[in-house]
Enquirer: 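One structure, as structure tokens, below. Some questions next.
All chains are named by letter (A, B, ...) in the order of the sequence lines, taking the proteins before the strands, and each is independently numbered beginning at 1.
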Number of protein chains: 2
Amino acid sequence: MDVKTVCLGLLSIQPASGYDLKKQFESLFRHFFPAGYGSIYPALADLAADGLVDCERIRQAGKPDRKLYRITPAGRSAFRNSLAGIEPRHRLRSEFLAMIYFADQLEADRLREVLDRRIEELRAAVAEIDELEKDPLATPTSGARFVAGFGAAVAQAAADYIEQNRGLLLAHRQGRRPRRSTAPEELQAGGEQGL
Amino acid sequence: MDVKTVCLGLLSIQPASGYDLKKQFESLFRHFFPAGYGSIYPALADLAADGLVDCERIRQAGKPDRKLYRITPAGRSAFRNSLAGIEPRHRLRSEFLAMIYFADQLEADRLREVLDRRIEELRAAVAEIDELEKDPLATPTSGARFVAGFGAAVAQAAADYIEQNRGLLLAHRQGRRPRRSTAPEELQAGGEQGL
DNA sequence: TGCAGCATGTAATTTGTTACATGATTAA
DNA sequence: TTAATCATGTAACAAATTACATGCTGCA
């Protein structure tokens, strides 16, 4: 499932322009399926070329024209087929966790900063999602509410874990310790044991 | 931070071949920073070309040659600089959540299947990570243990959320409708709505 | 006989990100 | 006057995935 399919799905709920879709991608979807104009506009063009959506150009006074896209019957069934047919994946790429994996090569101050920033981001996400959940325009369906609740619960768990376990990373350190040499004592190559 | 940088980081802990690194990417890293041979081998070649790692070819009886990579002093400082310099991101793209957003366009049986499968995956991840956490070879540093604990905690929270809130998605539906096919009826749906 | 493990890599393709390009209106 | 909002899109670039390509050993 790519950006194109999600656009089609959003259009199955209501007609929208690329600009409108971008706003939806910026509210709830931002937290689990981000997309920018660079993906959305080409997706819409493809969808129209495939006959899965129709496009109506709307003139506006004092504003640029809008292109309002509406899903077609063919689009609706294509979308349902793709929901029925694909095995959904959950892909994560976290530079944050990768960095923390190597925490012992980070300065203590820098480490604290990275941890604190992540906690802030997560708490901000929880707060933002909680707001969306209260607004029936932002979460109109049970699916939307489920997803919002999921995001908030997981972000909350992540923030709590970091807060409660940061001591594991900072325990054996003294605040900022000026080291005058980086003794590189490398491990010997012989062993194959790896992980 | 890309695959190249993570490879360099892993080599900062111990020398390894591309094949060895792949195994590391398959154990803990798989859960937050997946990478395949197609990224790893080119990364290693780049690193060597930049003088950040050295490569020793090792002949083996009855097995293909290995190329053992060792980080250089330049590589070590390049790695620390990149840890100090970048703002780490946490990127998620979940087709699973996107699909659930559109749950009302999914058949009830299909929806249950998707939900159940995801719970299974999450529980399997928790179990796998718990094993890694017990093994000091798999989680040798405090950073590794922190990351493992994080992954397990978040996966656990996700599984719990799905299990406790699936009722939100299934509540207004009929369970699986009794079909008058030749197949013998299994248990009649009674408990879907009571979370 | 067939598969899994060991071990290396390349090339084509897909996909998405970032920067670029335009330009009017409205509110601070 | 500055920034934000509205509104469209393209093009260059970066990155990773997938498939391809090879070949020996040991086990069931």
Side-chain angles (χ1 to χ4, degrees), chain A residues 1-8 15-27 29-30 32-49 53 55-69 86-87 89-95 98 191-195, chain B residues 1-8 15-27 29-30 32-49 53 55-69 82 86-87 89-95 98:
Chain A
M1 182 146 56
D2 51 12
V3 173
K4 201 170 146 183
T5 310
V6 174
C7 287
L8 188 57
S17 66
Y19 194 81
D20 294 334
L21 292 180
K22 179 59 163 43
K23 281 190 287 183
Q24 300 191 50
F25 275 105
E26 264 166 7
S27 66
F29 275 74
R30 180 166 74 80
F32 63 90
F33 207 105
Y37 289 123
S39 327
I40 295 168
Y41 283 119
L44 252 12
D46 282 5
L47 254 13
V53 300
C55 174
E56 182 194 355
R57 172 161 245 129
I58 296 172
R59 284 172 203 282
Q60 301 182 113
K63 287 180 190 174
D65 292 358
R66 293 181 78 209
K67 282 183 164 187
L68 190 69
Y69 292 88
I86 60 168
E87 283 323 302
R89 298 200 304 186
H90 193 81
R91 267 179 290 180
L92 172 66
R93 162 146 301 183
S94 177
E95 294 176 357
E192 198 98 3
Q193 57 281 83
L195 289 201
Chain B
M1 180 144 58
D2 52 13
V3 173
K4 200 170 148 183
T5 310
V6 174
C7 286
L8 188 58
S17 66
Y19 194 81
D20 294 335
L21 291 180
K22 179 60 164 39
K23 281 190 290 184
Q24 300 190 48
F25 275 105
E26 264 166 7
S27 68
F29 275 75
R30 180 165 74 79
F32 62 90
F33 207 105
Y37 288 124
S39 326
I40 295 169
Y41 282 119
L44 251 13
D46 282 5
L47 254 12
V53 300
C55 175
E56 183 193 357
R57 171 162 246 128
I58 296 173
R59 284 172 204 282
Q60 301 182 114
K63 288 180 189 172
D65 292 357
R66 293 180 78 213
K67 282 183 163 186
L68 190 70
Y69 291 89
S82 78
I86 60 167
E87 283 323 301
R89 297 200 304 187
H90 193 81
R91 267 179 289 179
L92 173 65
R93 163 147 300 184
S94 178
E95 295 176 355

Enquirer: Please tabulate the protein-to-nucleotide N/O contacts below 3.5 Å involving nucleotides 22-28 of chain D, giving atom names and distances.
Expert:
none

Enquirer: Would you name the heavy atoms of A:G18 and A:Y41 that are closest together and state the gap between them?
Expert: CA-CE2, 3.8 Å
Enquirer: Separation of A:Y69 atom OH from D:dA7 atom P, in whole Å?
Expert: 13 Å
Enquirer: Among B:V3, B:V53, B:L21, exactly one meets side chain to side chain contact (heavy atoms under 4.5 Å, CB included) together with B:L44. Which residue is that?
Expert: B:L21
Enquirer: Could you check whether any side-chain N or O of B:D20 sits under 3.5 Å from a backbone N or O of B:S17, counting only pairs where one atom can act as donor and the other as acceptor?
Expert: yes
Enquirer: Please give, in whole Å, the distance from C:dT22 P to A:Y41 OH?
Expert: 17 Å
Enquirer: Rounded to the Å, how far apart are B:L21 CG and C:dA7 P?
Expert: 13 Å
Enquirer: Grab the N/O contacts between the protein and nucleotides 11-20 of chain D below 3.5 Å, and write none if there aren't any.
Expert:
| residue | atom | partner | partner atom | Å |
| --- | --- | --- | --- | --- |
| D:dA16 | OP1 | A:R93 | NH1 | 2.8 |
| D:dT17 | OP2 | B:S39 | OG | 3.3 |

Enquirer: Do side-chain atoms of A:D2 reach the backbone of A:T5 as a donor and acceptor pair under 3.5 angstrom?
Expert: yes
Enquirer: Could you give the OH-to-P distance, from A:Y19 to C:dT25, as a whole number of Å?
Expert: 16 Å
Enquirer: Nearest heavy-atom pair of A:M1 and A:I86: which atoms, and what distance?
Expert: CB-CD1, 3.4 Å
Enquirer: Locate the shortest heavy-atom distance separating B:L8 from B:L47; write the atom from each residue and the value.
Expert: N-CD2, 4.1 Å
Enquirer: Expressed as a whole number of angstroms, how long is the span from B:L44:CG to C:dA7:P?
Expert: 14 Å
Enquirer: Between atom CD1 of B:I40 and atom NZ of B:K22, what is the distance when rounded to the nearest 0.5 Å?
Expert: 6.5 Å
Enquirer: Could you pull out the closest heavy-atom pair between B:P34 and B:F25, with the gap in Å?
Expert: C-CD2, 4.5 Å
Enquirer: Figure out the CG/P separation between B:L68 and C:dA7, and round it to whole Å.
Expert: 11 Å
Enquirer: Check the distance between D:dG9's P and A:K22's NZ and give it to me in whole angstrom.
Expert: 15 Å
Enquirer: Which class fits the ring pair A:Y19 and A:Y37: parallel under 30°, tilted 30 to 60°, perpendicular over 60°?
Expert: parallel
Enquirer: Which angle, rounded to 10°, do you find between the first-five-pair axis and the last-five-pair axis of the helix from C:dT1-D:dA28 to C:dA28-D:dT1?
Expert: 40°
Enquirer: Answer yes or no: does a side-chain N or O of A:Q60 lie under 4.0 Å from OP1 or OP2 of D:dA7?
Expert: yes
Enquirer: Specify the closest pair of heavy atoms between B:D65 and B:Q60, including all atoms of both residues, with the distance to one decimal.
Expert: OD1-N, 4.3 Å
Enquirer: Taking CZ from B:R59 and C1' from C:dC6, how many angstroms apart are they, rounded to a whole number?
Expert: 16 Å
Enquirer: Which one of A:H90, A:R91, A:E87 satisfies the side chain to side chain contact (heavy atoms under 4.5 Å, CB included) criterion with B:E95?
Expert: A:R91
